[in-house]
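Reviewing the structure listed below.
Bear in mind that the values here come from a model prediction, so they are computed numbers and not experimental data. Both ligands and their constituent atoms are indexed starting at 1 by order of listing.
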Amino acid sequence: MSFFREEFAVQWPAIRVRFGAGVRHDLVAEIKRLDCRRALILTTPEQVSVAEEFAVLCGDHVAGTFSRARMHTPVAISEEAASYAREIGADCLVAVGGGSTTGLGKAIALRTDLPQIVVPTTYAGSEATAILGQTEDGVKTTLTDARVQPEVILYDAELVRTLPIAMTVASALNAIAHAAEGLYAQNRTPLTSLMAVEGMRAFRDALPRVLANPDDLSARAETLYGAWLCGTVLGQVGMALHHKLCHTLGGSFDLPHAETHAVILPHAIAYNARAARDELRPLAELFGDDEPGMALHRFAGTVNAPMSLEDLGLKAGDLDHAADLAAKNPYWNPRLVERDAIRRLLQAAWSGDPPVA
Ligand code: NAD
């Protein structure tokens, strides 16, 4: 297997990344390293106790906490949080949580240019990208801006132990999706392909161990390692049909983010395998089937991943509209995005059937 390409361009952002169970206890040292002294701690309302723990960890380096991060980063909340950051004189942000909390930190950084320390507690991978999705008046838009790229990431396996099993599985497949689409991205590089394969390998090996024992710190650490690799791929290369479908289903039908990724992934990869068989071969080999879509479908079955869009709340009557939207303004994709073929893909995903090529 070779990922050599005759032409490619690479630009890496300067991000400090630390791994280690308990690494959050070095938070003050990391804040000082940024030459900061007044951190604003961010979480969701569900993780308010984590914000309290982090306030204690920060000691006299905490300026305040804001625990109202929400899925899809509503602009009104970001504006409020940015005003609060200015009001309390915060000089850095500490975002502890999944993609929603990281998104809030990025949205504040966009408005204030404050440096960010992110402590991820899911596998979404947003911490490794300069991408921010925001919602206003029910419309989700995405931007890429160097100001939103977090400066420091602390991966602490102890914090991901509390992630419920269903969320663990869905979030892992969300991460695998970044790597899978990275394999055929037009602007992939040898490094992104290597990271994609190692990221998927980490999940393939460690996720079953996490399911057997959610408190297994070594297995949790390996899944976080996979999340970092897969998230870095997302931050480096363009995504295609799979992410477009999930963006459409999440944005227009309000389906849950990670679960939608989990359901769609085998179907989108099966769709693209016809046009990107060689690029997807490492994935097929990793998950042990000649057909990459079937390989992921089988893996999803072994980890009890969500399999059907109907179970996520999509109505059968929405499938036509979803296919229309997904085929409109498609992202670049290795295979032509044909509306009727997408409709068939969505039907299989809705019913929980194996993917159709
Ligand atoms: P999330 O951040 O919305 O978290 C889901 C729920 O799980 C929340 O209630 C959260 O508090 C809780 N939770 C998180 N970690 C936990 C833990 N360890 N223990 C217990 N509860 C925990 O979910 P997500 O899937 O991580 O993020 C989804 C959001 O991230 C979406 O809005 C998506 O668009 C965005 N995202 C952005 C990027 C990017 O690069 N911009 C990448 C991936 C995802």
Side-chain angles (χ1 to χ4, degrees), residues 13 15 24 41-51 53-54 66-75 77-78 95-107 109-110 116 118-135 140-145 147-150 153 155-179 181-182 210 214-215 217 220-221 223-224 227-228 230-239 242-244 246-251 254-262 306 312:
I15 310 172
R24 68 188 180 287
I41 297 161
L42 309 169
T43 67
T44 59
E46 294 79 16
Q47 288 179 288
V48 70
S49 61
V50 181
E53 186 204 336
F54 270 67
F66 187 95
S67 290
R68 287 170 49 210
R70 274 274 147 254
M71 184 82 90
H72 306 311
T73 331
V75 165
I77 293 183
S78 303
V96 195
S100 297
T101 307
T102 306
L104 175 63
K106 288 173 159 184
L110 182 71
Q116 307 164 65
V118 180
V119 189
T121 64
T122 72
Y123 310 126
S126 175
E127 66 280 1
T129 82
I131 307 165
L132 170 64
Q134 311 190 86
T135 338
K140 184 163 180 175
T141 51
T142 303
L143 59 83
T144 301
D145 188 309
R147 277 175 298 176
V148 310
Q149 173 70 63
I153 313 174
Y155 287 104
D156 186 333
E158 287 174 6
L159 292 173
V160 85
R161 268 189 308 195
T162 52
L163 192 65
I165 283 299
M167 184 69 194
T168 294
V169 170
S171 194
L173 283 154
N174 181 194
I176 291 172
H178 310 326
E181 289 225 292
V210 168
D215 284 329
L217 271 185
R220 285 287 191 183
T223 51
L224 274 181
W228 171 54
C230 295
T232 302
V233 173
L234 174 70
Q236 288 279 316
V237 303
M239 294 288 117
H242 169 80
H243 282 73
K244 167 75 179 180
C246 294
H247 195 107
T248 303
L249 292 166
D254 209 24
L255 296 196
H257 177 82
E259 291 80 356
T260 305
H261 274 268
L312 301 188

Is it the case that the side chains of [Y] and [X] hold a donor-acceptor pair, with the cut-off being a distance below 3.5 Å and no angle test?
X    : Y    : result
R220 : T168 : yes
S78  : K106 : no
H261 : H178 : no

Separation of [Y] [atom2] from [X] [atom1] (nearest 0.5 Å):
X    : Y    : atom1 : atom2 : result
D145 : I131 : CG    : CD1   : 12.0 Å
Y123 : L163 : OH    : CG    : 6.0 Å
T162 : M167 : OG1   : CE    : 11.0 Å

Report, in ascending order of atom number, the atoms of ligand 1 lying under 4.0 Å from any heavy atom of [X].
X    : answer
L159 : 18 (N)
T122 : 14 (C), 15 (N), 26 (O)
G98  : 2 (O), 26 (O)
S126 : 37 (C), 38 (C), 39 (C), 40 (O), 41 (N), 42 (C)

Please report which non-hydrogen protein atom sits nearest to [atom], along with the residue it belongs to and the distance in Å to one decimal place.
atom                    : answer
atom 11 (O) of ligand 1 : T44 OG1, 2.6 Å
atom 10 (C) of ligand 1 : Q47 OE1, 3.5 Å
atom 7 (O) of ligand 1  : M167 CE, 4.5 Å
atom 32 (O) of ligand 1 : H72 N, 3.2 Å
atom 44 (C) of ligand 1 : H257 NE2, 3.5 Å
atom 15 (N) of ligand 1 : T121 OG1, 2.7 Å
atom 41 (N) of ligand 1 : I131 O, 2.9 Å
atom 31 (C) of ligand 1 : M71 SD, 3.6 Å

Does any non-hydrogen side-chain atom of [Y] lie less than 4.5 Å from one of [X]?
X    : Y    : value
P120 : T102 : no
M71  : H257 : yes
T43  : F54  : no
L234 : H243 : yes
V75  : T135 : no

Practice task
Say whether R161 and ligand 1 are in contact under the criterion: heavy-atom distance to a ligand atom below 4.0 Å.
Solution key: no
Please work out whether any backbone atom (N, CA, C, O) or any side-chain heavy atom from C-beta onward of [X] is under 4.0 Å from ligand 1, and answer side chain, backbone, both or neither.
X    : result
E46  : side chain
L234 : side chain
K140 : side chain
T129 : side chain

Heteroatom distance test ([X], ligand 1): nitrogen or oxygen, under 3.5 angstrom:
X    : value
V160 : no
G99  : yes
S171 : no
P164 : no
T162 : yes

Handout entry: Options S100, G231, A227, ranked by nearest heavy atom to atom 2 (O) of ligand 1, top entry
Key = S100
Exercise for the section: Measure from atom 13 (N) of ligand 1 to the protein's non-hydrogen atoms and state whether any distance is below 4.0 Å. Expected result: yes
Problem - Salt-bridge contact R70-E46 (side-chain N to carboxylate O under 4.0 Å) - result: yes
Exercise for the section: Check for a donor-acceptor pair, side chain of S67 on one end and backbone N or O of V48 on the other, with a separation under 3.5 Å. Expected result: no
Exercise for the section: Specify the closest pair of heavy atoms between L42 and T101, including all atoms of both residues, with the distance to one decimal. Expected result: O-CG2, 3.2 Å
